[in-house]
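Every number for a ligand or one of its atoms is a count from 1 in the order of the listing.
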Amino acid sequence: MERPTVYITRLLPQPVLDAISQQYRMLTEPTDRPPTEKELLHGFAEAQAVICTLTDRIDAVVLSHATKLKIIANYAVGYNNIDLAAAAQRGIIVTNTPDVLTDATADLTWALLLALTRRVVEGDTWVRTGHWPGWTPTQMLGADVSGKTLGIIGMGRIGQAVAQRAAGFQMPVIYAGRRSVSGPPGVSWIWRTHDEVLAESDFISLHVPLTEATRHLIDRRRLSLMRPTAFLINTSRGPVIDEAALISALEAHTIAGAGLDVYEQEPVVPARLMSLPNVVLLPHLGSATLETRVCMGLICLDNIAAVLGGRPAPNRVTKI
Ligand code: GLV
Ligand code: GLV
């Protein structure tokens, strides 16, 4: 029997490619650059299954070529890059990779929070460039983390994993989300409105998916609710924040700083943002550990095997 054809839009970690080639025919050898439009259309036209990434825009035009396609396995937990309605119309199943990247993303959120507050990146640069004059009592003073209030916006899997880690820092957690969620035994997480979380937290971390309802959720008005000593962390999706309004708030010091892993127009990062000292800027590293990226690929494969085998996809997504 002929092996089904899978189109992979980007180079994935080798263990994933090995697993794919054991069971399927790869339409083309994946490369480490974004596909051209022509390559993308060809892949969607020829394959029964596609593994694509969050940087591939899968719109109605791309989907109109997909005559043999049964499943799009998005190599990400977020799936705002795919036109779900157009996929559903063509009977194409869309899946994502939840759970396996929850810890990696929560860990990175804390890395950003700590780096920002304790000026880790500035300090490293000072040492490397030979500018450190030696210890002084007033040098590079940051802000305490332990005991401060952590505010979480979006209390899904990742938001909860970030909240769990706050216990080690003795931080009270307040959160805004669609439903009330209870913390681990002995820990209370307090459900609040978005505005209350912004006004009452020392750190605000965003963990909502990008949808029409969450685009620019953090706008000029909501930023103005934050304390001047508060920090904003975003490891979700760039457009959840109005980036221009954030830059103005940072420049005017109406908030203390921001730790960003995601941007409105990736990979473009505004020069004004890059020139600010009170930000830490990462290149969308949330799930970027070798173990996690391998697991994400294997989840894509599980979903492909299910759908091509006529079984329900374990990680099917539908419009929120
Ligand atoms: C990464 O941003 C993801 O959605 O997996
Ligand atoms: C992702 O898995 C989330 O629900 O936050």
I'd like to check which ligand 1 atoms, numbered from 1 as shown, lie under 4.0 Å from a non-hydrogen atom of G78. 3 (C), 4 (O)
L54 to ligand 1: N or O pair under 3.5 Å? no
Decide whether an N or O pair under 3.5 Å exists between S236 and ligand 1. no
Evaluate the ring planes of Y175 and W191, with Trp represented by its six-membered ring, and classify them as parallel (under 30°), tilted (30 to 60°) or perpendicular (over 60°). parallel
Structural part of L101 in contact with ligand 1, heavy atom criterion under 4.0 angstrom: side chain
Element-labelled atoms of ligand 1 that are located less than 4.0 Å from some non-hydrogen atom of H284: 1 (C), 2 (O)
Is it true that I8 and L11 fall in one hydrophobic cluster, defined by side-chain heavy atoms closer than 4.5 Å? yes
Among D261, T109, D107, T105, which residue satisfies the side-chain hydrogen bond (donor to acceptor under 3.5 Å, both in side chains) criterion with T235? T109
Measuring from atom CD1 of I241 to atom OG of S236, what distance do you get when rounded to the nearest 0.5 angstrom? 7.0 Å
Within this structure, what is the CG-OG distance for the pair D103 and S287, rounded to the nearest 0.5 Å? 12.5 Å
Please report which non-hydrogen protein atom sits nearest to atom 5 (O) of ligand 1, along with the residue it belongs to and the distance in Å to one decimal place. V77 N, 2.8 Å
Greater than 12 external heavy atoms within 6.0 Å of R227's CZ: yes
The closest protein heavy-atom partner of atom 4 (O) of ligand 1 is R237 NH2, 2.7 Å
Numbering the atoms of ligand 1 from 1, which are under 4.0 Å from a heavy atom of A76? 3 (C), 4 (O), 5 (O)
